[in-house]
*Asks:* 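Quick one: the structure is below, questions incoming.
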Amino acid sequence: MSDTERKRYSEKQKVKIFDEEFLPHIDSMYNFAYRLTFDEDDAKDLVQETYLKAFRFIDSFQEGTNAKAWLFRILKNSFINDFRKKSKEPSKVDYQEVETFYNSDEVDEPITTDLRVETVQDMIGDEVSIALNSLAVDFRTVIILCDLEGFTYEEMAKILDIPIGTVRSRLHRARNLLKEKLWNYAQSMGYK
Amino acid sequence: MAVIGQTRKEELSNEISQVSCGEVRTFLPLIHQQLDGEISPEEESQLNHHLEKCAKCRQMLRLEQAIKDALQVKLEKKPLPKGLVNSIKLQIKHTTA
């Protein structure tokens, strides 16, 4: 489509879209940014940068479509491009290596089956948060997008720019890792 | 006495086989898909048929649901920093002026 044919919004339309379709998601965006960066100031900067980009490229957004997914994609890409190198990851991880390893058919990681429902129900928010935050960023991202933000697999595939099959397998792996973290934490804290 | 011991052994063996599942790797992904609302009717039928006879997988389903609930209910939501919305709007105003 040429520049002359691409729909361009008027300034008034842009402000309307921004206020009515983009801004309502700012709380979710901030919480997602915080879980990526673990830093309030970095999260604030990331959200700010995302919204500025969203406004700059607003003509590529189709009014009335899934603004939340569109914004989350911009945020994710901004994080990868600008913030990941200074984020407070617990250890340096080659994410491509991790991804390749965990998507390999040869992997036969143990599945925690001893964690009790009652143990999970007795845990407080901080304990669950510690377990989630200790996952590598790509794994905690899919859990956040699915379980906290309610995106479908298809939406997640677009946000993360990966096939739906990879969304499925990454979620599966992430949840197994999270179970293991919760189990280890419960053991260390003396939960029965 | 030996007969009673053997009967008890058989009971325990049956009990263990009823609660252990060698197919958890097959059905756990389907459990995840069901909880996410992303399961096809055929897969759901296959899963439900298995759950009817597998206590271990029923327990796994309860556990996965509990973890999902814990994530949604227990995790602290960070409040938005004051002034962030206004700051964003101001920056946009400057870039479009």
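Reminder, nothing fancy here: chain letters follow the sequence lines and each chain counts from 1.
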*Asks:* So B:L80 and A:V47, side chain to side chain contact (heavy atoms under 4.5 Å, CB included) or not? Walk me through it.
*Replies:* CA-CA 10 Å; B:L80 200 63; A:V47 169; 5.8 Å; no
*Asks:* Are A:V15 and B:L84 joined in one hydrophobic group, where the rule is that I, L, V, M, F, W and Y side chains link up if heavy atoms are under 4.5 Å apart?
*Replies:*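 No, A:V15 does not connect to B:L84 through the hydrophobic network.
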*Asks:* Could you tell me which of B:Q65, B:K68, B:E76 has the largest number of non-hydrogen atom pairs under 4.5 Å with chain A?
*Replies:*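 Going by pairs under 4.5 Å, I would pick B:K68.
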*Asks:* State whether the number of non-hydrogen atoms from other residues, nucleotides or ligands found under 6.0 Å of A:K76 atom NZ is greater than 12.
*Replies:*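 Counting neighbours around NZ of A:K76, more than 12 heavy atoms of other residues, nucleotides or ligands fall under 6.0 Å, so yes.
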*Asks:* Has the side chain of B:E38 got a donor or acceptor atom that lies under 3.5 Å from a matching backbone atom of A:Y153?
*Replies:*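 Answer holds: yes.
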*Asks:* Decide yes or no for B:I67 and A:V128: does some side-chain heavy atom of the first lie under 4.5 Å from some side-chain heavy atom of the second?
*Replies:*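 Contact flag for B:I67/A:V128 side chains = no.
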*Asks:* Check each atom of B:L28 against the heavy atoms of chain A and say whether the ones under 4.5 Å are side chain, backbone, both or neither.
*Replies:*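 Contact with chain A is through both the backbone and side chain of B:L28.
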*Asks:* Can you establish whether the number of heavy atoms outside B:K78 located under 6.0 Å from its atom NZ is more than 12?
*Replies:*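 Yes, NZ of B:K78 has more than 12 neighbouring heavy atoms, counting only those of other groups under 6.0 Å.
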*Asks:* Please look at A:R56 and chain B and tell me whether the side chain, the backbone, both or neither of the residue comes under 4.5 angstrom of a heavy atom of that chain.
*Replies:*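 Answer is neither: A:R56 stays 4.5 Å or more from chain B.
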*Asks:* Answer yes or no: does atom NZ of A:K68 have more than 12 heavy-atom neighbours from other residues, nucleotides or ligands under 6.0 Å?
*Replies:*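 Atom NZ in A:K68 is packed in, count exceeds 12.
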*Asks:* Does a sphere of radius 6.0 Å around CD in B:Q72 hold more than 12 heavy atoms from other residues, nucleotides or ligands, not counting ones at 6.0 Å or beyond?
*Replies:*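 Enclosed.
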*Asks:* Ignoring hydrogens and angles, tell me if any N or O in the side chain of B:K74 forms a donor-acceptor pair with the backbone of A:M123 under 3.5 Å.
*Replies:*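 Yes; judged by distance alone, with no hydrogens or angles, the pair exists.
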*Asks:* Identify which one of B:M60, B:Q59, B:E64 satisfies the side chain to side chain contact (heavy atoms under 4.5 Å, CB included) criterion when paired with A:V117.
*Replies:*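 Only match with A:V117 under side chain to side chain contact (heavy atoms under 4.5 Å, CB included): B:Q59.
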*Asks:* Would you give the length of the straight line joining atom CG of B:L63 to atom CZ of A:R175, rounded to the nearest 0.5 angstrom?
*Replies:*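 Between B:L63 CG and A:R175 CZ, I get 11.5 Å after rounding to 0.5 Å.
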*Asks:* Using the rule that two of Ile, Leu, Val, Met, Phe, Trp, Tyr join whenever any of their side-chain heavy atoms come within less than 4.5 Å, decide whether A:I143 and A:I164 are in one cluster.
*Replies:*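 Linked within one cluster.
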*Asks:* Could you check which of A:V120, A:D126, A:N31, A:L182 has the highest count of heavy-atom pairs closer than 4.5 Å to chain B?
*Replies:*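 With the most close heavy-atom pairs to chain B, the winner is A:N31.
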*Asks:* Report the option among A:D27, A:L132, A:I144, A:L52 that has the most heavy-atom pairs separated by less than 4.5 Å from atoms of chain B.
*Replies:*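 Among A:D27, A:L132, A:I144, A:L52, the one with the most close pairs to chain B is A:L52.
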*Asks:* Hey, any chance B:L35 and A:L178 share a hydrophobic cluster, counting ILVMFWY side chains that come within less than 4.5 Å of each other, even indirectly?
*Replies:*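 Yes, B:L35 connects to A:L178 through the hydrophobic network.
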*Asks:* Please classify the contact of A:S28 with chain B as side chain, backbone, both or neither, using a heavy-atom distance under 4.5 Å.
*Replies:*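 A:S28 has no heavy atom closer than 4.5 Å to chain B.
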*Asks:* Quick one: pull up CG in A:D147 and CG in B:D36 and give me the separation to the nearest 0.5 Å.
*Replies:*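 Nearest 0.5 Å value for the CG-CG distance: 6.0 Å.
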*Asks:* Distance from A:F18 atom CZ to B:K89 atom NZ, nearest 0.5 Å?
*Replies:*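 A:F18 atom CZ to B:K89 atom NZ measures 8.0 Å (nearest 0.5 Å).
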*Asks:* Calculate, to the nearest 0.5 Å, the distance between atoms CZ and NE2 belonging to A:R173 and B:H32 respectively.
*Replies:*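 With rounding to 0.5 Å, CZ (A:R173) is 11.5 Å from NE2 (B:H32).
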*Asks:* Hey, are the side chains of B:P81 and A:E40 touching, using non-hydrogen atoms and a 4.5 Å cut-off?
*Replies:*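 Not touching, per the 4.5 Å side-chain cut-off.
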*Asks:* Is there a path of hydrophobic side-chain contacts, each under 4.5 Å between heavy atoms, that joins A:Y34 and B:L75?
*Replies:*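 Looking at the clustering, B:L75 is in a separate group from A:Y34.
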*Asks:* Consider only side-chain heavy atoms of I, L, V, M, F, W and Y, link residues closer than 4.5 Å, and tell whether A:L71 and A:F57 are in one cluster.
*Replies:*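 Per the 4.5 Å side-chain linkage, A:L71 and A:F57 are not co-clustered.
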*Asks:* Once you round to the nearest 0.5 Å, how far does CD of B:Q91 lie from CD of A:E49?
*Replies:*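 B:Q91 atom CD to A:E49 atom CD measures 10.0 Å (nearest 0.5 Å).
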